[in-house]
Undergrad: 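Quick one: the structure is below, questions incoming.
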2 protein chains.
Amino acid sequence: MTTIADVAQAAGVSISTVSYVMSGKRAISQETRERVEQAMADLSYSPQASARSLASRSTSILGLQAPIRAGVDVHVVMQVVAGALKEARAHHHDILLLTSDDAAGVERAARAGMVDGVLILDVETSDPRVGSLADLSIPSVLIGLPDAADQLICVDFDFEAAGRLAAERLAERGHRTVALLGAPPQVQARHTSYSDRLTRGFLARSREVGLAATVYPCPAGPGATEVVDTLLAGAPATTALFVHNEAALPFIAARLMSTASASPIEIVALSPAELALHVPGVSDVIDLPAEELGAAGARTLLAAIRGERPLGPELLAPRFAHAPAEPATV
Amino acid sequence: MTTIADVAQAAGVSISTVSYVMSGKRAISQETRERVEQAMADLSYSPQASARSLASRSTSILGLQAPIRAGVDVHVVMQVVAGALKEARAHHHDILLLTSDDAAGVERAARAGMVDGVLILDVETSDPRVGSLADLSIPSVLIGLPDAADQLICVDFDFEAAGRLAAERLAERGHRTVALLGAPPQVQARHTSYSDRLTRGFLARSREVGLAATVYPCPAGPGATEVVDTLLAGAPATTALFVHNEAALPFIAARLMSTASASPIEIVALSPAELALHVPGVSDVIDLPAEELGAAGARTLLAAIRGERPLGPELLAPRFAHAPAEPATV
DNA sequence: ATGAAAGCGCTAACAC
DNA sequence: GTGTTAGCGCTTTCAT
């Protein structure tokens, strides 16, 4: 195992010089720097993380608590994690996986000094995990928007704006009676923040633009088919659907296409773009930028670790995944 | 921040005594142990991971390289990760997420002494990542079975046996012409080890039991419907399907049910049990024990870190997810 | 059964 | 611009 002392000796300098070459925290002459870098390469030296961390009191590791829970879309979670990981690595940080749904795990990692900060995914409206977060010695960032968000750093997709955007688009298209097919029942029952906000935005804007709107929870998979049938039976005037449920979307679309009807029912989906763009029957997709969300969370956490505090929650604005049907010149 | 010195002082003992109380590496009198434990609790002491790791030259962290790649079933990956994480935590270890598909990342973490071992998921038949693994200073365990598996520790589901088991079951049921609907085209093209092994076992045993069997790659989602149509058109004698593709399964099942036929086509699925058990039209499910696989991988890695070497690859035997349709008394 | 002390490999004052 | 050195908080010999 090569140590910093080996490198120093090989380069004919002191160990602090080697250290400063690595950190860039003080000026080094061009010549010395080159000798040191050559020595590091020759010896294929890697600094020891634990020693560095003990001396510097920081780890270059972010804790990540991701949920593995019923109804949570694993695809979205994976993408958020991928985005966070990518961003973290881009800033020379690693990610330690913390057991899901376990406030104690976060505390343990924080107190053992294993991580410089924690990123917490899929936070619920009243999440039991947020309580202990405030008196942690390290910063934390939530992806999600809990009730007690005031004193916490939060990053999320702007679900409320997405709901409004969908209502506007449906109204523009001339619809009068629409429905929101949302998250699975167990997610709605938990009052997951995003589901509530989406609904609120959709209903509010629908009212403003004169849209009659109803909301249905929707199970993933083939079960979605029944919901569609129930909906069409109960509200036959419905001419368009706003679907926020990637796992149900193909089934809903398939069901609508097989249901012969005078005017086909239109679908606007909120989903990761690549999952919904090619589902036949979906006319518009509001992208759920999962990877970007993870990256934003990591970026904000890194900023917090540096001591920067954001002013309020950071909400990613909704966007349609492809250009609207109107001419691009508008 | 409380240190071991604070605890020692509070308990009126030396630092080493506190250390030995924690590690249990030498005998401590009942009385002393209690005083020390009391002091640790009073001060709510957590040992500092980096200091411990620097002194002991081990981290209690497992590196985990999980793929986030086209065609890989995210649900299965998540379950494997969950199983590994659970097992690791049960043995007081943590998990560091390593960037996917990046041999350099594994090396970096190993050489920086960030992890005591690495667990590598979804290894392909000829995986570029396995080359550098052998001359790492720390042990590694593959979940998957690459070609050059001889010198590497591998854990996997026994896909070949699962293929045979499916063929046997279909033959028992009286079928004569069957088909395997497998992984998405891009996975098969990569010659992912498991896909090959499943096919091999299925075809070999089919031949032995007099089954005419064909293999079709199968895209996830609605695209699967077309494959079913193609198959039924090309081989109308087909009376049963063996499906290994969770994401396509509901679509395949739905398609078969809508295709009115004299005798319905039977489906045996290989899938995580909870995903397939309740899909209508699926008669038998061979469970893909994803979580167990992750746990087995972690367990084997922990054993390897302790210095134990297994003799050959560890293959989890396939099992039907629920009791066969025959009377339980048989 | 317990204590003293020498490191582990690095960072960051404090020199010059 | 570079070197010296005192820690960082633990584990683990070596003593007793």
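Naming: A, B, ... by sequence-line order, numbering from 1 per chain. A quick note: this is a predicted structure, and the numbers were derived from the prediction, not measured.
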Undergrad: Tell me: CD of A/Glu31 to C1' of D/dG1, nearest whole Å?
TA: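 So the CD-C1' distance, A/Glu31 to D/dG1, works out to 12 Å.
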
Undergrad: Could you tell me how far apart B/Arg52 (CZ) and C/dG9 (P) are, to the nearest whole angstrom?
TA: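 It works out to 18 Å between those atoms.
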
Undergrad: Which whole-number value in Å describes the distance from A/Ile4 CD1 to D/dG3 C1'?
TA: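 Distance check: A/Ile4 CD1 to D/dG3 C1' gives 13 Å.
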
Undergrad: Between B/Gly12 and B/Ala55, who's closer to the 5' end of DNA chain C by nearest nucleotide?
TA: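 Its nearest nucleotide being more 5', the pick is B/Gly12.
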
Undergrad: When you look at CZ of A/Arg319, are more than 12 heavy atoms from neighbouring residues, nucleotides or ligands closer to it than 6.0 Å?
TA: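 At most 12 heavy atoms, drawn from other residues, nucleotides or ligands, come within 6.0 Å of this atom.
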
Undergrad: Could you verify whether a donor N or O on one side chain and an acceptor N or O on the other, from B/Gln38 and B/Glu34, lie under 3.5 Å apart?
TA: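 B/Glu34 and B/Gln38 do not have a side-chain donor-acceptor pair below 3.5 Å.
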
Undergrad: Side chain of A/Leu54, heavy atoms from C-beta onward: which of C/dC10, D/dC8, D/dT2 has the nearest atom to it?
TA: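 From the listed options, D/dC8 comes nearest.
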
Undergrad: Taking the side chain as C-beta and beyond, is there a heavy-atom pair between A/Ser14 and A/Ser19 under 4.5 Å?
TA: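 A/Ser14 vs A/Ser19: side chains apart.
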
Undergrad: Does A/Arg57 reach a base, just sugar-phosphate, or nothing at all? Heavy atoms under 4.0 Å.
TA: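 Contact class for A/Arg57: sugar-phosphate only.
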
Undergrad: Counting any heavy atom closer than 4.0 Å, what does B/Thr32 reach on the DNA or RNA strands: base, sugar-phosphate only, or nothing?
TA: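 Since only primed, P, OP1 and OP2 atoms lie under 4.0 Å of B/Thr32, the category is sugar-phosphate.
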
Undergrad: In terms of heavy-atom contacts, does CD of B/Gln9 have more than 12 from other residues, nucleotides or ligands at under 6.0 Å?
TA: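 12 or below, so no.
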
Undergrad: What is the distance, to the nearest angstrom, from the CE atom on B/Met22 to the C1' atom on D/dT11?
TA: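 The answer, rounded to whole Å, is 9 Å.
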
Undergrad: In whole angstrom, give the distance that lies between atom CD1 of B/Ile28 and atom C1' of D/dT11.
TA: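 Atom-to-atom, B/Ile28 to D/dT11, this comes out as 13 Å.
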
Undergrad: Are OP1 or OP2 of C/dA13 and a side-chain N or O of A/Tyr20 less than 4.0 angstrom apart?
TA: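 For C/dA13, OP1/OP2 do not have a side-chain N/O of A/Tyr20 under 4.0 Å.
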
Undergrad: Rounded off to whole Å, could you give me the CD-to-P distance for the A/Glu34 and D/dT2 pair?
TA: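 Checked: the CD to P distance equals 12 Å.
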
Undergrad: Taking only side-chain N and O atoms of A/Ser14, does any of them lie within less than 4.0 angstrom of OP1 or OP2 on D/dG3?
TA: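 Answer is yes, contact under 4.0 Å.
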
Undergrad: Between atom CZ in B/Arg26 and atom P in C/dA4, what is the gap in whole Å?
TA: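 Checked: the CZ to P distance equals 11 Å.
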
Undergrad: What's the CZ-P distance between A/Arg111 and D/dG9, to the nearest Å?
TA: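 My rounded result for the distance is 15 Å.
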
Undergrad: Keeping B/Arg111 on the side-chain end and A/Ser44 on the backbone end, is there a donor-acceptor pair under 3.5 Å?
TA: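 The answer is yes, because a donor-acceptor pair under 3.5 Å joins these two groups.
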
Undergrad: Check every strand shown and say whether A/Ser16 touches a base, only sugar-phosphate, or nothing at a heavy-atom separation below 4.0 Å.
TA: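 The residue A/Ser16 makes base contact.
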
Undergrad: Between C/dT11 and A/Lys25, is there an OP1 or OP2 to side-chain N/O distance shorter than 4.0 Å?
TA: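 It does not, given that no N or O in the side chain of A/Lys25 lies less than 4.0 Å from OP1 or OP2 of C/dT11.
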
Undergrad: I'd like to know if A/Arg35 reaches the base of D/dG1 with its side chain such that a donor and an acceptor end up less than 3.5 angstrom apart.
TA: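 Side chain to base: no pair present.
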
Undergrad: What does B/Ser19 touch in the nucleic acid at a heavy-atom separation under 4.0 angstrom: a base, only the sugar-phosphate, or nothing?
TA: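 Touches a base.
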
Undergrad: OP1 or OP2 of D/dT2 versus the side-chain N and O atoms of A/Ser29: is any pair under 4.0 Å?
TA: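 True: A/Ser29 side-chain N/O within range (under 4.0 Å) of D/dT2 OP1/OP2.
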
Undergrad: Of B/Ile15 and B/Ala51, whose nearest nucleotide on DNA chain C comes first from the 5' end?
TA: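 Result: B/Ile15.
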
